[in-house]
Structures are given as C-alpha cells and as structure tokens.
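Single-structure report; data block below.
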Amino acid sequence: QVQLVESGGGLVQAGGSLRLSCAGSGRTFSTYTMGWFRQAPGKEREFVACIMPNGRSAYYSESVKDRFTISRDNAKNTVSLQMNSLKPEDTAVYYCNADLSHKFGGSWSSGEYWGQGTQVTVSS
C-alpha cells in the first residue's frame with residue numbers, strides 16, 4: 001500500500017510553468033507505474049502522463065505531449081510533473097496516482113492509490 005501527497009499547484013499565466021510533486025510512502029513505491037490525472041470542472045477525470053517503475057519510459061496524453069515532462073526519484077519516493085507552456089485549458093485539479101495499468105488499445109487505467117489533488121489554474 002502507498003499514500004500519496006501532492007504539492008506545487010497554483011495560479012499561473014498562460015505560457016508559464018509549474019512543477020507538481022508527489023511524495024509517496026511505503027516500500028513498494030518503486031514497483032508501481034506512477035502517473036498524473038486531472039479533472040476540470042464539469043468534466044471527467046483524464047489521464048495526463050505516467051512513468052514506468054524504472055523511470056526509463058514515460059507516456060503522455062496528446063494534449064500535453066511536448067509541454068509536460070514526468071519524472072521520478074525512487075530513492076526519495078517522489079514523482080514530478082514539469083508543466084511548461086501552460087494553457088487555460090490545463091486548468092484542473094491534478095491527482096497523483098499509483099499502480100496504473102496499460103489497457104489493450106494503448107490507453108491507461110488508474111490504479112487504486114490516489115493523492116488528495118492539487119489545483120492548477122492558468123489565466124489567459
């Protein structure tokens with residue numbers, strides 16, 4: 001089991017950058033595929049990015065590809081999301097998630113472990 005705590009959200013102007021961090025507890029952190037999801041008001045929660053347990057491979061949604069970068073430090077039990085060139089449509093609550101799984105067809109489903117979420121607001 002793992003507990004997750006996010007930090008780093010806030011208010012930023014369009015074109016700006018933010019870095020989200022997620023600290024995990026538990027000895028099994030390094031065995032999980034870690035990821036980020038987001039949920040905008042009135043919309044369903046959606047996949048943003050994930051990174052494999054060894055940190056060598058990462059995957060992104062088309063909407064954030066080439067703007068966001070996910071990374072992890074298994075020695076510190078942390079996963080981060082560097083968000084550049086932010087757009088107003090990136091405004092959402094961002095959630096850290098552990099134990100994602102790859103579905104047939106290429107999409108990703110969430111694992112059972114969630115952080116509490118952190119608000120990201122991008123003004124135009």
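Numbers for residues simply follow the sequence, beginning at 1. Keep in mind the model is a prediction, meaning the values are calculated, not measured.
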message: Using side-chain heavy atoms (C-beta onward) and a distance below 4.5 Å, is Met83 in contact with Val120?
response: yes
query: Taking only residues two or more places apart in sequence or in another chain, which ones pass ring-ring contact (aromatic ring centres under 6.0 Å, His included) with Tyr59?
result: Trp108
message: Please find the pair of heavy atoms, one from Ile70 and one from Ala58, that lie closest to each other, and give the distance.
response: CG2-CB, 3.6 Å
message: Between Arg67 and Lys87, is there a side-chain heavy-atom distance shorter than 4.5 Å?
response: yes
- prompt: Does Arg45 make a cation-pi contact with Tyr95 (under 6.0 Å, within 45 degrees of the axis)?
  reply: yes
query: Are side-chain heavy atoms of Leu4 and Trp114 found at a separation under 4.5 Å?
result: no
message: Can a donor-acceptor pair be found, under 3.5 Å and without considering hydrogens, that links the side chain of Gln3 to the backbone of Gly24?
response: no
query: Measuring from Asp99:CG to Thr33:OG1, what's the distance to the nearest 0.5 Å?
result: 7.0 Å
Would you give me the side-chain donor-acceptor pairs under 3.5 Å for residues 12-22, sequence neighbours excluded?
unit_1, atom_1, unit_2, atom_2, d
Ser17, OG, Asn84, OD1, 2.9
Arg19, NH1, Gln82, OE1, 3.2

- request: Let me know which of Val79, Val64, Asn97 forms a side-chain contact (heavy atoms from CB on, under 4.5 Å) with Trp36.
  value: Val79
task: Take Thr28 and Tyr113, measure what side-chain contact (heavy atoms from CB on, under 4.5 Å) needs, and give me the verdict at the end.
output: CA-CA 12 Å; Thr28 56; Tyr113 306 113; over 6 Å; no
- prompt: Between the side chain of Asn77 and the main-chain N/O of Gly26, is any donor-acceptor distance below 3.5 Å?
  reply: yes
query: Looking at Ala92 and Ala40, what are the two nearest heavy atoms and their distance?
result: CB-N, 3.8 Å
task: Please confirm whether the backbone N or O of Met52 pairs with a side-chain atom of Ser57, one donor and one acceptor, at under 3.5 Å?
output: no
query: At their closest point, which heavy atom of His102 faces which heavy atom of Ser107, and how far apart are they?
result: CD2-O, 3.2 Å
Set of residues satisfying disulfide bond (SG atoms under 2.5 Å apart) with respect to Cys50, sequence neighbours excluded: none
- request: Could you pull out the closest heavy-atom pair between Glu6 and Gly117, with the gap in Å?
  value: OE1-N, 2.9 Å
query: Can you name the closest pair of heavy atoms from Ser25 and Val2 and give their distance?
result: O-CG2, 2.7 Å
- prompt: Is it the case that Thr121 and Thr91 place a side-chain donor and acceptor less than 3.5 Å from each other?
  reply: no
query: Are Thr69 and Tyr60 close enough that some pair of their side-chain heavy atoms sits under 4.5 Å apart?
result: yes
message: Would you say that Arg38 contacts Glu46 through its side chain, given a criterion of any heavy-atom pair below 4.5 Å between the two side chains?
response: yes
